[in-house]
Each structure stands twice: as C-alpha cells, then as structure tokens.
Amino acid sequence: QQQQQQQQQHQQQQQQQLQQQQQRAMEEEESRQRAEREEQRRKAAAAAAAETAAAADRARRAEEARKEAELKRRQEEEQEAARKEQQRREEAQRAEEERVRREAEEEKMRQEALKAQDAERRRQALLDAERRAREAAAPSSSSSSPPSKEEDAEAQALKREREEAQARMNESEEGATATNLFVQALLTLRKRYKDSDPGGLKTCLQTLRAYIKNIVDNPVEPKFHRINCENGAFKNRIASFAGAQEVLEALGFVLEASQLMVTPSWVSTNRQRLWEALSKVNVMLDQMQQ
C-alpha cells in the first residue's frame with residue numbers, strides 16, 4: 001500500500017511536470033506569436049509610413065512642377081504682353097511721328113504758300129513803286145527844269161517804300177525758317193525724353209509754355225522778356241534737359257551773360273510766331289496726356 005502511494009505521488013509529480021512543461025510551451029508559443037504580430041504591425045506601419053512619405057514626395061514634386069509650369073506660363077504671358085506693349089508703343093510713336101511730320105509738312109507748305117503770297121504782294125508793290133518812280137522821274141513836256149521839292153519828297157517816299165517792302169519780305173522768310181527750327185528743336189526734345197523721363201519732359205514743356213505764354217499775355221511787360229538762367233526753376237526744369245534751352249533759342253531768345261532775352265521790338269514784330277509756338281507746345285502736352 002505504501003508502495004502504491006509512492007507510485008501515485010510519482011505519477012502526480014510527473015503529471016504536474018508535464019502540465020508545467022505544457023504551460024511553458026504554450027506561454028512561449030503565445031509570446032512568439034505576439035512577437036510575430038508585433039513585428040508584422042511594425043513592418044506594416046513602416047510600409048505605411050514609407051508609402052505616405054512617397055505619396056507626399058510625389059505630391060510635393062507634382063506641386064513644384066505645377067508651380068514651375070505656372071511661373072513659366074506667367075513669364076511667357078508677361079513677356080508676350082511686354083512685347084505687345086512695346087510693339088504698340090512703337091506703332092503709336094511711329095504714328096505720332098508720322099502725324100507730326102505731316103503737320104510739319106502741312107505747316108511748312110502753308111508757310112511757304114503764305115510766304116509766296118507775301119512775296120508776290122511785295123513784288124507787286126515794288127513794281128508799282130518803280131512804275132510810279134519812273135513816271136515821276138520822266139521829263140514833262142512843258143518844262144525841263146530840275147525836280148521840285150514835292151517831286152524829291154515823292155521819290156524819297158517811293159525809295160523808303162521799296163526798302164520797307166524788301167525788309168518785310170526778308171522778315172517773312174526769316175520767320176518761316178525760325179518756325180521750322182522751333183518745331184525741330186521741340187521734336188528733338190520730346191524724342192530724347194519721351195520714354196526715359198516722361199514726367200520730367202512734361203514739367204519741362206509746361207515751363208516752356210509758361211515762359212512763352214507770359215510774353216503772349218503781357219507783350220509790353222519787360223520782366224517777361226528776360227529769363228534768369230541762374231534761377232533754380234530754370235536749372236531744374238530747363239537746363240537739366242538737353243535741348244530745352246535750344247527750343248527757346250530757336251524761338252528767338254538770345255543768351256546774354258546769364259539771361260535769355262528778347263527785345264520789345266522783337267516781341268512786337270513776332271506776335272504770330274509766339275502764338276504758333278505756344279500752340280505747338282500745347283498740342284505736344286495734350287498728346288502726352290492722351
């Protein structure tokens with residue numbers, strides 16, 4: 001009986017050991033499976049992260065490509081717009097130059113026509129004066145005595161008339177030439193600064209207009225017959241623009257010491273030239289504003 005008890009105890013111990021071994025084996029299997037599942041989850045997370053990063057990188061590259069294409073498209077559009085604008089400006093400038101050229105030619109033709117008419121009048125006046133002089137100098141049938149004082153006075157008057165007619169003819173020719181010089185100087189000034197400094201050109205033209213208008217509105221006021229070249233406004237608005245002073249000189253101003261001057265007699269005999277010059281400056285300012 002004791003032996004049986006010992007055998008039973010031994011069997012129980014073996015069963016316990018077997019159960020413990022089985023329990024350890026199960027725990028090890030569970031631990032291995034957990035480790036495998038954890039490894040799988042880690043690998044899946046790493047793969048998902050890699051895929052997310054790759055997708056983000058693809059999206060970033062696509063966005064960069066889109067932005068680059070958009071930038072390139074905008075640059076091309078801006079270049080095309082700039083090219084068209086430059087072309088438009090060139091066409092407008094050519095059209096403007098052509099219009100000014102036509103106006104200058106028309107003005108020249110008009111001046112030449114006026115000059116021709118005036119010359120014809122002067123020529124006719126000279127012919128009439130010479131005819132009257134010949135008639136006055138012809139010997140009378142009634143007497144061969146020397147010319148009387150009245151005849152001498154008439155001869156002198158005819159001579160003065162011829163001289164005045166010739167002087168007016170010369171003055172008319174000089175006026176037409178001066179007008180052309182003024183227009184040419186004005187066009188040169190505009191061409192030089194129209195694109196590089198339009199604001200400064202506008203101020204310069206406005207100052208030129210003020211100088212001319214002062215004389216037109218106040219022809220007998222001496223203070224408007226002189227322009228002080230040392231004045232700050234003159235230096236900033238006229239002298240700093242190459243060709244601006246030449247416009248005034250082409251009109252008729254003469255530089256003496258540090259002043260541009262016209263004489264009262266010049267003003268009185270050149271009112272029409274001053275009006276025409278003022279009109280041309282006004283036209284040019286209107287064109288700039290348009």
Side-chain angles (χ1 to χ4, degrees), residues 1-100 187-207 232-233 235-244 284-290:
Q1 187 177 3
Q2 185 177 0
Q3 187 177 1
Q4 288 178 352
Q5 290 178 351
Q6 289 177 351
Q7 287 177 350
Q8 289 177 353
Q9 290 177 356
H10 180 68
Q11 288 176 353
Q12 289 177 353
Q13 288 176 356
Q14 287 180 343
Q15 288 177 354
Q16 289 176 355
Q17 290 175 355
L18 181 60
Q19 289 176 352
Q20 290 174 356
Q21 289 176 354
Q22 291 176 347
Q23 181 67 28
R24 284 195 299 270
M26 291 175 61
E27 290 176 355
E28 289 175 357
E29 180 63 20
E30 290 178 358
S31 178
R32 186 185 63 78
Q33 290 178 356
R34 281 196 303 271
E36 288 180 355
R37 287 194 298 272
E38 184 65 26
E39 180 65 19
Q40 290 175 354
R41 283 195 299 271
R42 186 187 64 78
K43 289 181 178 180
E51 179 61 25
T52 301
D57 186 61
R58 288 193 299 271
R60 179 183 58 80
R61 288 197 298 270
E63 180 65 16
E64 289 177 353
R66 187 190 65 77
K67 288 182 179 179
E68 184 176 355
E70 179 69 16
L71 179 61
K72 184 177 180 181
R73 182 184 63 80
R74 289 181 180 177
Q75 289 175 345
E76 290 176 351
E77 289 178 352
E78 290 174 357
Q79 290 174 357
E80 180 65 16
R83 186 187 65 79
K84 289 182 178 179
E85 178 64 18
Q86 181 65 23
Q87 183 178 1
R88 186 192 65 77
R89 288 183 179 179
E90 291 175 355
E91 291 176 354
Q93 183 174 359
R94 286 194 296 270
E96 177 65 16
E97 290 176 353
E98 178 64 19
R99 189 188 66 78
V100 172
L187 291 175
T188 300
L189 176 66
R190 183 184 66 174
K191 184 177 180 180
R192 185 172 293 161
Y193 295 102
K194 181 178 180 181
D195 295 325
S196 61
D197 188 5
L201 175 60
K202 182 178 179 181
T203 301
C204 178
L205 291 173
Q206 289 173 338
T207 305
K235 288 182 177 180
N236 295 331
R237 302 173 185 175
I238 301 296
S240 60
F241 292 89
M284 189 167 288
L285 281 168
D286 291 341
Q287 290 170 353
M288 290 189 65
Q289 298 203 356
Q290 291 174 2

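No hydrogens, no waters, no symmetry mates; every other heavy atom, side chains included, goes into these values.
- Of the possible polar contacts, one joining the Thr52 side chain to the Ala48 backbone as a donor-acceptor pair under 3.5 Å is found.
- The neighbour count for Lys202 NZ, taken as heavy atoms of other residues, nucleotides or ligands under 6.0 Å away, does not exceed 12.
- The distance from atom CZ of Arg73 to atom CD of Glu78, rounded to the nearest 0.5 Å, is 10.0 Å.
- To the nearest 0.5 Å, the span separating CG on Leu18 from CD on Gln13 amounts to 13.5 Å.
- Residues His10 and Gln6 have side chains that never bring a donor and an acceptor to within less than 3.5 angstrom of each other.
- A salt bridge does not link Arg74 with Glu77: none of the charged nitrogens is closer than 4.0 Å to a carboxylate oxygen.
- Atom CD in Gln33 sits 10.5 Å away from atom CD in Gln40 (nearest 0.5 Å).
- The shortest distance between side-chain heavy atoms of Leu205 and Leu189 falls below 4.5 Å.
- Atom CZ in Arg37 sits 10.0 Å away from atom CZ in Arg32 (nearest 0.5 Å).
- Between Gln93 and Arg89 the shortest side-chain heavy-atom distance does not fall below 4.5 Å.
- Crowding of Glu63 atom CD: a count of heavy atoms from other residues, nucleotides or ligands under 6.0 Å exceeding 12.
- Separating the CD atom in Gln9 from the CD atom in Gln16 is a distance of 10.5 Å, to the nearest 0.5 Å.
- Gln21 and Gln17 are not linked by any side-chain donor-acceptor pair at a separation below 3.5 angstrom, with hydrogens and angles left out of the test.
- Test Glu80, Gln86, Arg88 against Lys84 for side-chain contact (heavy atoms from CB on, under 4.5 Å) and you get one pass: Glu80.
- Contact check for Lys72 versus Glu68: no side-chain heavy atoms found under the 4.5 Å cut-off.
- Arg192 places none of its side-chain heavy atoms less than 4.5 Å from the side chain of Leu201.
- The 12-atom threshold is exceeded at CZ of Arg190, counting heavy atoms of other residues, nucleotides or ligands nearer than 6.0 Å.
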Can you list the steps and then say if Glu38 with Arg41 is a salt bridge (Lys or Arg N to Asp or Glu O under 4.0 Å)? CA-CA 5 Å; Glu38 184 65 26; Arg41 283 195 299 271; 2.4 Å; yes

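- Taking the charged nitrogens against the carboxylate oxygens, Glu51 and Arg58 do have a contact shorter than 4.0 Å, which makes a salt bridge.
- Considering every non-hydrogen atom in both Met284 and Leu187, the closest pair reads CE-CD2, 4.1 Å.
- Atom OH of Tyr193 is separated from atom OG1 of Thr188 by 11.5 Å, given to the nearest 0.5 angstrom.
- Just one of Lys67, Arg60, Arg66 meets the salt bridge (Lys or Arg N to Asp or Glu O under 4.0 Å) condition when paired with Glu64; it is Arg60.
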